[in-house]
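Below is one structure, written out as structure tokens; the observations come after it.
Chain A is the first sequence line, chain B the second, and so forth, proteins listed ahead of strands; every chain is numbered from 1.
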Protein chains: 2
Amino acid sequence: MITQQFHTVGQVAVLAGVTVRTLHHYDRIGLLVPSERSEQGYRLYDYGDLERLRQIRLLRELRFSLDAIGQMLDATAYDRRSALVGQRELLRERQERTEKIIFGVDRALTALEEEKEMNRTEMFEGLEEFDHEQYQEEAERRWGHTDAYRESMRRTRRYGKNDWARIKEEGETVMARLADLLADGAQAAGRAAMDLAEEHRCHIDRWFYPCSHGMHRALADMYTADPRFMEYFEKRGQGLATFVQDAIKANAARARSRS
Amino acid sequence: MITQQFHTVGQVAVLAGVTVRTLHHYDRIGLLVPSERSEQGYRLYDYGDLERLRQIRLLRELRFSLDAIGQMLDATAYDRRSALVGQRELLRERQERTEKIIFGVDRALTALEEEKEMNRTEMFEGLEEFDHEQYQEEAERRWGHTDAYRESMRRTRRYGKNDWARIKEEGETVMARLADLLADGAQAAGRAAMDLAEEHRCHIDRWFYPCSHGMHRALADMYTADPRFMEYFEKRGQGLATFVQDAIKANAARARSRS
DNA sequence: CTTGACCCTGACGTAACGTCAGGCTCTACC
DNA sequence: GGTAGAGCCTGACGTTACGTCAGGGTCAAG
């Protein structure tokens, strides 16, 4: 049973802590059109409108553009429950980011007291502009392991052109050596292949995101599951994707048996 | 010993996760002017500049306007340590607000499942626009006891119209009675005046912020030192400001002698 | 000596409202 | 029952914090 109670702009403005002008604006751009108008043309908002406004303000607080917000809320696949859950996730993330910023302030304080300088890369942790678009597009469909993805984004944004060249070369070298092994008919579970797999893992760990053996195995699975990766591997050796996958799994197993 | 290492716009941009244009902009408006320029006019930023940029980005993250940020960082009374501590405080507050918003999402989820409606006043908790101006202007110059000020802001933001009316009336009553005493020629250090001073202290303690006797005395000093307060008192009785001041001090002394 | 990555300074564009101006509506009080 | 004050409406122009070219120097590498 839904009570059909209406609110005028002024009332909504007080409730939500926004200005009347903001509501006018949302109406004009079609983001929040009140579900009713009085005889005299007064805007009348019902509970559904308020709930939508709540979500709008929440997403705005998280720096999404009104345009993006509109798309999210009007998405055909929009499901209220999962939307709310997603929002909670975003808020948790923000808490983590804020925590990092606080950490930065603390470091600045100790640096000040000890008259030292802060580490230049730590300095802006949590303060970088987060690229919402990429987040939306990419994270939305594939890649599953979102934490790794995000950390990867965070780190790689700092890399300059030279860095990229060097890192890419390092990665290519490992892949080339694996391709050579495959061409020579070596075993994926052999010593040489496993060592190269381990090198690959360290490469990722150093330049992209913390990569445990478990994470590495998950990655290996993706190499055969995701067409984008498949293409990359097949270009430098037929069957390389599965070969690398096996080598990584063998390496992970070896690491576990050692500990 | 400070290492004098310089960074160009591009490098700073990557470090801080902002665009080059943003740095140009900050330069033009005088918010962050690089401490050096190369022969060819290239902007060169040193560590101090980076630290300032860090603070700028932090305060921006907290939605302060560039104008406000400039005023804060260039305030004559600016002290790096207390500025950092203040920033940490603001960030903690934000964590609390985020927590409230998450709470709101959870409530929305349960409301959805139980097909009920949310409480309209709880709905937007943590999402209201915070009035930065008030915070800034006031906190910047006077009032010294910033903690009290912030706590006061925090509490009063929740008060509705009725609350305000009631609280204000309660305060006015006390003042009126003190004015009466003054008019009757009573002693500021007399029993009646001291009792009213105590009432005044409790009033603040209950509705605005924890108010010890020490804090109350500091407040009393302000009543004669700050023209805004002076005006308030003088309007309802000539010499009332000093009368109240004396009564408060006497009351504080009495409290101490009792313990 | 050219090419590609960076740097510079205008100058115009844009998102999300703020801020009037000019005018209708509704309750309240004399 | 009229009028004052608070609230609503629709333009329309202003503002903040950059984004986005355009046109043109700088510098290391090949």
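As rounded to whole Å, 10 Å separates atom C1' of dC8(D) from atom CD of Gln40(A). Rounding to whole angstrom units, OH of residue Tyr45(B) and P of dC7(C) are separated by 10 Å. For the pair Leu44(B) CG and dC6(C) C1', the computed distance is 13 Å after rounding to whole Å. When the C1' atom of dT16(D) is taken as reference, atom CG of Leu31(B) falls 13 Å away, rounded to whole Å. With rounding to whole Å, Asp27(A) atom CG is found 13 Å from dC8(D) atom C1'. When the C1' atom of dT15(D) is taken as reference, atom NE2 of His25(B) falls 11 Å away, rounded to whole Å. Atom C1' of nucleotide dT15(D) and atom CD1 of Ile29(B) are separated by 13 Å, given to the nearest angstrom. Phe6(A) has its CZ atom 16 Å from the P atom of dC8(D), to the nearest Å.
A donor-acceptor contact shorter than 3.5 Å is absent between the side chain of Arg52(A) and the backbone of Val33(A). Using modelled atom types, one side-chain atom of Gln95(B) and one backbone atom of Gln95(A) make a donor-acceptor pair closer than 3.5 Å.
You'll find the side chain of Glu89(A) stays beyond 4.5 Å of the side chain of Val85(A), heavy atoms only. Counting heavy atoms from C-beta outward, Thr8(A) and Leu44(A) have side chains that approach closer than 4.5 Å.
Comparing Arg21(B) and Glu39(A), the nucleotide of DNA chain C nearest to each residue sits closer to the 5' end for Arg21(B). Nearer the 5' end of DNA chain D, as judged by each residue's closest nucleotide, is the contact made by Gln11(A), out of Gln11(A) and Tyr42(B).
Listed pair Arg43(B) / dC8(C) meets the phosphate criterion, a side-chain N or O lying under 4.0 Å from OP1 or OP2. Phosphate proximity of dT9(C) to Arg28(B): absent, as no side-chain N or O sits under 4.0 Å from OP1 or OP2. An OP1 or OP2 oxygen of dC17(C) is reached within less than 4.0 angstrom by no side-chain nitrogen or oxygen of Thr19(A). The side chain of Ser65(A) contributes no N or O atom lying less than 4.0 Å from OP1 or OP2 of dA15(C). For the OP1/OP2 pair of dG18(C) and a distance below 4.0 Å, the side-chain nitrogens and oxygens of Thr22(A) include at least one atom meeting the criterion. For His24(B), no side-chain nitrogen or oxygen approaches OP1 or OP2 of dC18(D) to under 4.0 Å. Listed pair Arg37(A) / dT10(D) meets the phosphate criterion, a side-chain N or O lying under 4.0 Å from OP1 or OP2.
Residue-level contact check: Ser38(A) touches neither bases nor backbone, having no heavy atom under 4.0 Å from any strand.
Side-chain proximity of Arg60(B) to dC17(C), dC7(C), dC18(D): nearest is dC18(D).
The distance from the CD atom of Gln11(B) to the CZ atom of Phe6(B) is 12.0 Å, given to the nearest 0.5 Å.
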